A.B. asks: 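For reference, the structure I am asking about is given below.
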Amino acid sequence: MKRRKRKLGPWELSHRTYSFRAPPELRDRIEALRKGETLQGVLLKGLGLVQVEAAAEAYNTGFSKGKDVGEKAGYARGKADWEGVFEVPCNKCNKPMTFNMNDPKDREDVQKFMKGWHHAKCPP
């Protein structure tokens, strides 16, 4: 009886299978490169078609540097804008009074008005 050749479908024709035999040294090197990755992934990286790790590392490095710069700049700007600035409600109208401790006049006024103030638990 004559054996018929299997007919390949369109997907199989466009996605050919490659197989080869490798000596033990080459097989060991391929297995070391795999690290849980598919053989196809190792082959694509070897051909230079995929540079996933390099791109991911570059992205993460850039992200970290940008994040650090942004956090430092934002912290410095916020500290400069709001350092020593606070609000206290007025005892008569209850509207907020804003004091800037960087302003010498405000600092002097606050120190004068708060003279003798203390916590409720502190002895008089």
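A quick note: this is a predicted structure, and the numbers were derived from the prediction, not measured.
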A.B. asks: For the pair Glu108 and Lys105, find out whether any cationic side-chain nitrogen is under 4.0 Å from an anionic carboxylate oxygen.
C.D. replies: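 Between Lys105 and Glu108 there is no salt bridge, as every charged N stays at least 4.0 Å from the carboxylate O atoms.
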
A.B. asks: Can you list the residues that meet the side chain to side chain contact (heavy atoms under 4.5 Å, CB included) rule with Lys72, with sequence neighbours excluded?
C.D. replies: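 Testing Lys72 for side chain to side chain contact (heavy atoms under 4.5 Å, CB included), a comparison that skips the adjacent residues, returns none.
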
A.B. asks: Rounded at 0.5 Å granularity, tell me how far CG in Asp109 sits from CG in Asp103.
C.D. replies: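 So the CG of Asp109 and the CG of Asp103 are separated by 8.5 Å.
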
A.B. asks: Which atom pairs, one a donor and one an acceptor, fall under 3.5 Å between side chains of residues 8-16 and the rest of the protein, sequence neighbours left out?
C.D. replies:
{"unit_1": "Trp11", "atom_1": "NE1", "unit_2": "His15", "atom_2": "ND1", "d": "3.3"}
{"unit_1": "Glu12", "atom_1": "OE1", "unit_2": "Gly9", "atom_2": "N", "d": "3.0"}
{"unit_1": "Glu12", "atom_1": "OE2", "unit_2": "Arg6", "atom_2": "NH2", "d": "2.8"}
{"unit_1": "Ser14", "atom_1": "OG", "unit_2": "Pro10", "atom_2": "O", "d": "3.3"}
{"unit_1": "Ser14", "atom_1": "OG", "unit_2": "Trp11", "atom_2": "O", "d": "3.1"}
{"unit_1": "His15", "atom_1": "ND1", "unit_2": "Trp11", "atom_2": "O", "d": "3.0"}

A.B. asks: Closest heavy-atom contact between Glu37 and Val42?
C.D. replies: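 Heavy atoms only, the tightest pair is OE2-N, 4.1 Å.
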
A.B. asks: Output side-chain donor-acceptor pairs under 3.5 Å for residues 18-30, partner residues at least two apart or in another chain, one line each.
C.D. replies:
none

